[in-house]
Number of protein chains: 2
Amino acid sequence: MTNLPSLEVCLSPALLHLYDTKDTVVVIIDVFRATSTIAAALDNGARCVVPVASVEECISLKDKLDNCITAGERDGKVAPGLQYGNSPLEYPTSFIQHKTLALTTTNGTKLLHMVSDADSIITGSFLNMDAVCAYLIRQNKKVLLACSAWKDRVNIEDSLFAGAVAEKIKEHFTMECDSARMARELYLQSQQYPSILEFVKDSNHYRRLSGFGLQKDLQYCTTPNLHPVVPIYNGKELVVAS
Amino acid sequence: MTNLPSLEVCLSPALLHLYDTKDTVVVIIDVFRATSTIAAALDNGARCVVPVASVEECISLKDKLDNCITAGERDGKVAPGLQYGNSPLEYPTSFIQHKTLALTTTNGTKLLHMVSDADSIITGSFLNMDAVCAYLIRQNKKVLLACSAWKDRVNIEDSLFAGAVAEKIKEHFTMECDSARMARELYLQSQQYPSILEFVKDSNHYRRLSGFGLQKDLQYCTTPNLHPVVPIYNGKELVVAS
């Protein structure tokens with residue numbers, strides 16, 4: 001009889017304290033757009049991504065780190081004092097290769113810093129979905145899919161991604177978590193739509209970001225497997241997992 | 001142009017602080033089993049239900065209130081010092097009519113006491129689903145469907161009920177809440193199953209309560225509209241809304 005490791009889903013950072021992250025591979029999910037941008041930047045050759053909580057800390061890294069660019073938005077605009085935004089489209093190979101990206105975001109980086117005792121922390125998005133799935137199966141350890149949400153409010157796109165991963169790798173894990181089942185049912189429901197983008201159009205984040213004119217970003221971030229890397233956190237930086 | 005009131009869904013008491021409950025009709029949902037039992041007791045003629053947070057407080061009401069019976073479970077058994085359990089099946093008309101039911105439960109009564117500034121507080125379950133829907137449409141006010149969850153963990157059955165209500169009355173409300181959409185998609189997904197009971201069998205609460213031998217309760221609590229009353233909280237007691 002096989003003893004499969006468990007997989008759970010946490011729908012909001014405000015619920016994270018209910019989960020035991022010890023000896024667990026935690027997947028940080030912020031589809032719109034932190035973890036999408038991290039996958040794109042690393043796949044396009046960034047040396048690493050340094051996730052920071054505040055704009056101030058991000059600015060301070062500009063001079064401390066070699067070949068470092070600073071990025072972050074607040075309310076859909078590049079935050080004052082930073083150089084670039086949160087869009088994965090801003091980081092093609094021609095620009096980001098060999099550079100360090102210091103990145104601050106509203107939700108994703110906050111959650112990453114909340115997890116302290118995990119076995120490891122990786123980041124997931126549709127852009128690197130299959131790579132994340134393969135990694136989790138290979139590790140064969142307890143998994144927590146942790147949604148960044150929007151200021152603690154549960155959101156569709158992160159829950160949907162958690163559900164897609166849970167559904168794809170369900171044979172390899174024990175799933176007794178109701179949130180995981182709900183996320184999987186959401187994913188199954190989304191299969192009736194022509195695309196992930198169409199499914200997430202009726203969501204708070206879509207309305208908010210498309211109001212900023214970011215339709216291209218939203219389309220890009222919902223396209224599966226354009227950037228097949230697994231970003232892993234070494235306590236300071238996100239780098240490509242070997 | 002019609003200005004419809006908003007409807008939102010809160011999936012866990014740990015997320016309640018994110019919602020503005022002022023001028024709002026809050027529906028407390030604890031399908032397994034507090035709000036199912038409340039609907040059954042009131043429909044079967046109980047004078048009122050007094051929801052209390054602790055076993056001690058519940059015991060103390062026995063002598064304070066006229067014709068009062070005390071009820072509550074901890075870990076699937078009648079709590080020491082109380083007389084009856086949390087099962088709606090324990091409260092037929094022949095027993096509960098004209099009595100006051102003092103009830104303490106793990107999740108539902110806790111959430112009810114957390115809401116302080118609402119326009120009104122009612123309770124919902126599959127047993128009184130259509131009555132709740134009709135009431136919400138009639139009130140034509142802002143609505144929050146508040147799931148009791150399980151010790152703050154999001155659960156399937158409360159989310160599913162929230163989704164059923166949201167789906168049934170969606171034409172009468174503005175729904176820009178991602179949790180409401182997720183709950184609705186869960187309900188739509190459940191329509192592919194032969195019954196609500198079958199859909200919720202893969203859930204933590206089903207596994208836990210069926211382990212206590214409570215299959216009959218679970219079946220009863222997932223049967224729609226057996227008790228078409230709207231229990232409303234007057235600050236002290238739940239009574240049938242006029």
Side-chain angles (χ1 to χ4, degrees), chain A residues 6 8-20 31-32 107 144-145 147-163 166-167 170 174-193 199-208 211, chain B residues 6 8-20 31-32 107 144-145 147-163 166-167 170 174-193 199-208 211:
Chain A
S6 73
E8 298 185 304
V9 170
C10 175
L11 295 173
S12 160
L15 302 174
L16 186 67
H17 63 282
L18 301 170
Y19 297 82
D20 177 15
V31 167
F32 295 148
N107 303 292
L144 178 66
L145 305 177
C147 301
S148 295
W150 172 251
K151 295 181 180 176
D152 287 343
R153 281 259 200 155
V154 173
N155 77 25
I156 291 276
E157 67 278 10
D158 293 344
S159 307
L160 180 66
F161 176 74
E167 182 64 20
K170 65 183 177 190
T174 306
M175 293 195 199
E176 298 207 335
C177 166
D178 279 19
S179 297
R181 170 124 194 261
M182 282 173 61
R184 279 169 50 209
E185 298 290 353
L186 190 71
Y187 173 70
L188 293 174
Q189 195 63 14
S190 77
Q191 299 295 288
Q192 300 180 19
Y193 284 69
F199 185 71
V200 302
K201 273 186 176 172
D202 176 10
S203 72
N204 257 313
H205 231 143
Y206 186 91
R207 281 186 286 270
R208 184 174 168 276
Chain B
S6 72
E8 298 185 303
V9 170
C10 175
L11 295 173
S12 160
L15 302 174
L16 186 66
H17 64 283
L18 302 169
Y19 296 82
D20 176 15
V31 167
F32 294 149
N107 303 291
L144 178 66
L145 305 177
C147 301
S148 295
W150 172 252
K151 296 182 180 176
D152 286 343
R153 281 259 200 156
V154 174
N155 77 25
I156 292 277
E157 68 278 10
D158 292 345
S159 308
L160 179 66
F161 176 74
E167 182 65 21
K170 66 182 177 190
T174 305
M175 293 195 200
E176 297 207 335
C177 166
D178 278 20
S179 298
R181 169 120 195 262
M182 283 172 61
R184 280 168 52 208
E185 298 290 352
L186 190 71
Y187 172 70
L188 293 174
Q189 195 63 14
S190 77
Q191 299 295 290
Q192 300 180 19
Y193 285 67
F199 185 71
V200 301
K201 274 187 177 172
D202 176 12
S203 73
N204 258 312
H205 230 143
Y206 186 91
R207 281 186 285 271
R208 183 173 167 277

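Since we're looking at a predicted model, the values are computed, not measured. Numbers restart at 1 for each chain; the letters A, B, ... are given by sequence-line order, proteins then strands.
- Every side chain to side chain contact (heavy atoms under 4.5 Å, CB included) that A:Ala149 has, sequence neighbours left out, goes to A:Ser12, A:Pro13.
- Here A:Arg184 contributes atom CZ and B:Asp202 contributes atom CG; the two are 6.5 Å apart, rounded to the nearest 0.5 Å.
- Counting all heavy atoms, side chain and backbone alike, A:Gln192 lies closest to B:Gln192 at NE2-NE2, 3.8 Å.
- Judged as a salt bridge (Lys or Arg N to Asp or Glu O under 4.0 Å), the pairs with a partner in residues 8-20 of chain B (not counting sequence neighbours) are, in order, A:Arg153-B:Glu8.
- Screening A:Val154, A:Asp178, A:Leu15 against B:Val154 for a side chain to side chain contact (heavy atoms under 4.5 Å, CB included) leaves a single residue, A:Leu15.
- Chain A forms the most heavy-atom pairs under 4.5 Å with one residue out of B:Leu160, B:Asn155, B:Val9, and that residue is B:Asn155.
- Among A:Gln189, A:Met175, A:Glu157, the residue making the largest number of heavy-atom pairs under 4.5 Å with chain B is A:Gln189.
- For the set A:Ser203, A:Cys10, A:Ala14, the entry with the most heavy-atom pairs within less than 4.5 Å of chain B is A:Ser203.
- For a residue to count as touching a neighbouring chain, one of its non-hydrogen atoms must lie under 4.5 Å from one of that chain's; by this rule B:Cys177 touches chain A with backbone and side chain alike.
- Within the 4.5 angstrom heavy-atom criterion, no atom of A:Tyr206 approaches chain B.
- Minimum heavy-atom separation, B:Tyr193 to A:Arg181: OH-NH2, 3.5 Å.
- Of the atoms belonging to B:Tyr187, not a single heavy atom falls under 4.5 Å from chain A.
- Heavy atoms closer than 4.5 Å to chain A are found in the side chain of B:Leu11, but not in its backbone.
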